[in-house]
Amino acid sequence: MQTMWQRALAVADQTPESRNRLIDFLRVFSIVIVVFGHWLAAVPFVEDGVLQLTHVLELSRPMHFITWALQIMPIFFMVGGYSNGKSLTAARRDGTRRREWLASRYHRLMTPILPFLVVWSILVVVLGYFVERGLLRLASQVAAVPLWFLAVYLLAVALAPWTFAAWRRWRWATVLAPIGLAVVFDMLRLNEVWTGYLGVSHPAWTNYLWVWLTVHQLGYYWAERDTELPPRWGLPIVVGGLAGLVGLTVFGPYPVALIGVDSEAFSNTTPPTIVLFAQTCVQIGLITLLAPRVKRWLAHRKVWAAIVLVSGMIMSLYVWHLTAMVLAIGVGSALGNLGFSIDPLTPTWWWTRPVWFAVNIAFLVPLVLAFAGFERRAQTGERAPRPLALGIGIVVSALGLGGAAAFGTAQIAEFPLRWWVPLAVIVGTFLAGMSTLVPRR
């Protein structure tokens, strides 16, 4: 750990003045909020001597408002658009082909994911002979939750060369047009809710594209300006975004929670709704207001070195944080449900949340230290010419479906065993021209 810190200090000292440090901070900040948000949302508790796991939002409707602070994915997609826009501009200037750019980007993103898939595939097989199937299914489903988001972001990266070209040509039409489509498909979905017919809303599921890619497009604008909006714009944007949130949720037809809640008629995230555009405005306004102060703070050597350190393992932290929680729950259960007998949402329960976070961190740190090396050593150079589009398609499909289905949902003796998830990812990665498990130096 000391060596990693010294390396981070060295990298921090070499950071050019032209680098927008706020982007790196926001990437780290958004993932850290996701990690702690997931840990806060999970509520393991004992009922009639049996360990149960529920979601904090299922226990308290007022808690739904907390998701307005914890739904941080718009920031991540905007930052992703900024980074991809800068990288594509440099690639265009250097004559780098789209295939080379995509292979490089995918290698950096996929390298931390593959060890996770392999480890959990092995665990499902081995533990399947000792652990009750329902418990194993729940554990693997919880651990695999990060995959769905990675599938969406990988798709955004796959389309980035074309969406960036569209931005350069059609500008704000590439933002307004998908917003219009998202509104139309939301109306179709709401009509099903109002009429009581909750059928298969196929068109609404395309909002994964229209909503998140629209937010990604805003990152291109940010990259082009290479600076934030004037601070005086911040407050009006925040107020406008909050007005939209309140109007659409409190007084409108949408749920208040900005993440999925089983007890609600539908979710604001699966698939995404236009409510997330209002949330995006709130976050843009807050960034605009706070950017000058945050940049001054990031100018301090040790603060910036800490951001550099975490940035070098951010994907590993994201991929493994729910596995760490599963391990914490498993160990607590083995120790006689230690800490799980407190009634949820009571004052005592809230006072013990820092302890709960600390336990999860204790399990997460060794996992990140063990697997972050894959992420740090990921190459970004050209890959061998292979069927890139086919490989990317397989990877995105497998991660998206795997995030929903997890691993342990078939019989141990059957080949499927959700083996198709890691196998498809590895095959797709190979087809895309990237290494599978061990990054080449």
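Residue numbers count from 1 along this sequence.
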Note, [X] side chain near [Y] side chain (heavy atom, < 4.5 Å):
X	Y	answer
Leu258	His64	no
Asn360	Phe36	no
Pro231	Pro292	yes
Trp101	Arg98	no
Met325	His38	no
Asn84	Phe164	no
Phe29	Leu22	no
Ile329	Leu53	yes

Closest non-hydrogen atom pair, [X] against [Y]:
X	Y	value
Pro178	Ala173	CD-O, 3.9 Å
Ile113	Val319	CG1-CG2, 4.2 Å
Leu57	Met63	CD2-O, 3.4 Å
Pro146	Val142	CD-O, 4.3 Å
Pro112	Leu109	CD-O, 3.2 Å
Pro272	Trp212	CG-NE1, 3.3 Å

Indicate whether the side chain of [X] and that of [Y] have a donor and an acceptor atom separated by less than 3.5 Å.
X	Y	answer
Thr273	Arg189	no
Thr163	Trp167	no
Trp205	Thr270	no

Using modelled atom types only, decide if a donor and an acceptor are shared between the side chain of [X] and the backbone of [Y] within a distance under 3.5 Å.
X	Y	value
Trp356	Trp39	yes
Ser104	Glu100	no
Gln71	Thr269	no
Asp94	Thr96	no
Thr15	Val11	yes
Gln283	Ile75	yes

What distance do [X] atom [atom1] and [Y] atom [atom2] have between them, rounded to the nearest 0.5 Å?
X	Y	atom1	atom2	answer
Gln217	Leu176	CD	CG	11.0 Å
Glu228	Ile284	CD	CD1	11.5 Å
Thr174	His216	OG1	NE2	11.5 Å
Thr288	Leu235	OG1	CG	11.0 Å
Ile31	Met73	CD1	CE	5.0 Å
Glu58	Glu264	CD	CD	8.5 Å

Determine whether more than 12 heavy atoms belonging to other residues, nucleotides or ligands lie under 6.0 Å from atom [atom1] of [X].
X	atom1	value
Arg169	CZ	no
Arg171	CZ	yes
Arg19	CZ	no

Residue pairs, two or more places apart or on separate chains, that pass side-chain hydrogen bond (donor to acceptor under 3.5 Å, both in side chains) and touch residues 234-255 |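 As it turns out, the side-chain hydrogen bond (donor to acceptor under 3.5 Å, both in side chains) pairs with a partner in residues 234-255, which skip direct neighbours, are Asp186-Tyr254.
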Using the side chain to side chain donor-acceptor pair (under 3.5 Å) rule, take Trp320 and Ser316 through it: C-alpha gap first, then chi angles, then the decisive distance, then the call.
-> CA-CA 6 Å; Trp320 290 101; Ser316 300; 5.3 Å; no
Answer yes if the ring centres of [X] and [Y] are under 6.0 angstrom apart, and no otherwise.
X	Y	answer
Phe149	Tyr318	yes
Phe65	Trp68	yes
Tyr221	Tyr82	no
Phe371	Phe116	no

For Ala306, all residues meeting side chain to side chain contact (heavy atoms under 4.5 Å, CB included), sequence neighbours excluded |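 Only Trp5 meet the side chain to side chain contact (heavy atoms under 4.5 Å, CB included) criterion with Ala306.
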Are Leu367 and Leu317 close enough, and set up right, to give a side-chain contact (heavy atoms from CB on, under 4.5 Å), and what steps lead you there?
-> CA-CA 8 Å; Leu367 289 171; Leu317 188 151; over 6 Å; no
Verdict with supporting geometry, Leu209 and Leu155, side-chain contact (heavy atoms from CB on, under 4.5 Å) = CA-CA 9 Å; Leu209 284 176; Leu155 183 59; 3.6 Å; yes
Which word best sums up how the rings of Trp297 and Phe25 line up, parallel for under 30°, tilted for 30 to 60°, or perpendicular for over 60°?
->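 The rings of Trp297 and Phe25 stand perpendicular, inter-plane angle above 60°.
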For Arg27 and Ile23, run side-chain contact (heavy atoms from CB on, under 4.5 Å): C-alpha distance rounded to whole Å, both residues' side-chain angles, the deciding distance at 0.1 Å, then the answer.
-> CA-CA 6 Å; Arg27 183 184 296 110; Ile23 296 298; 4.0 Å; yes
Would Glu224 and Lys86 satisfy salt bridge (Lys or Arg N to Asp or Glu O under 4.0 Å), going step by step from the backbone distance to the final call?
-> CA-CA 8 Å; Glu224 195 172 79; Lys86 283 289 187 182; over 6 Å; no
Does the side-chain contact (heavy atoms from CB on, under 4.5 Å) test come out yes or no for Arg105 and Ser83, once each step is laid out?
-> CA-CA 11 Å; Arg105 226 55 174 172; Ser83 300; 3.7 Å; yes
Lys/Arg N to Asp/Glu carboxylate O, Asp24 vs Arg21, below 4.0 Å =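 Salt bridge absent between Asp24 and Arg21.
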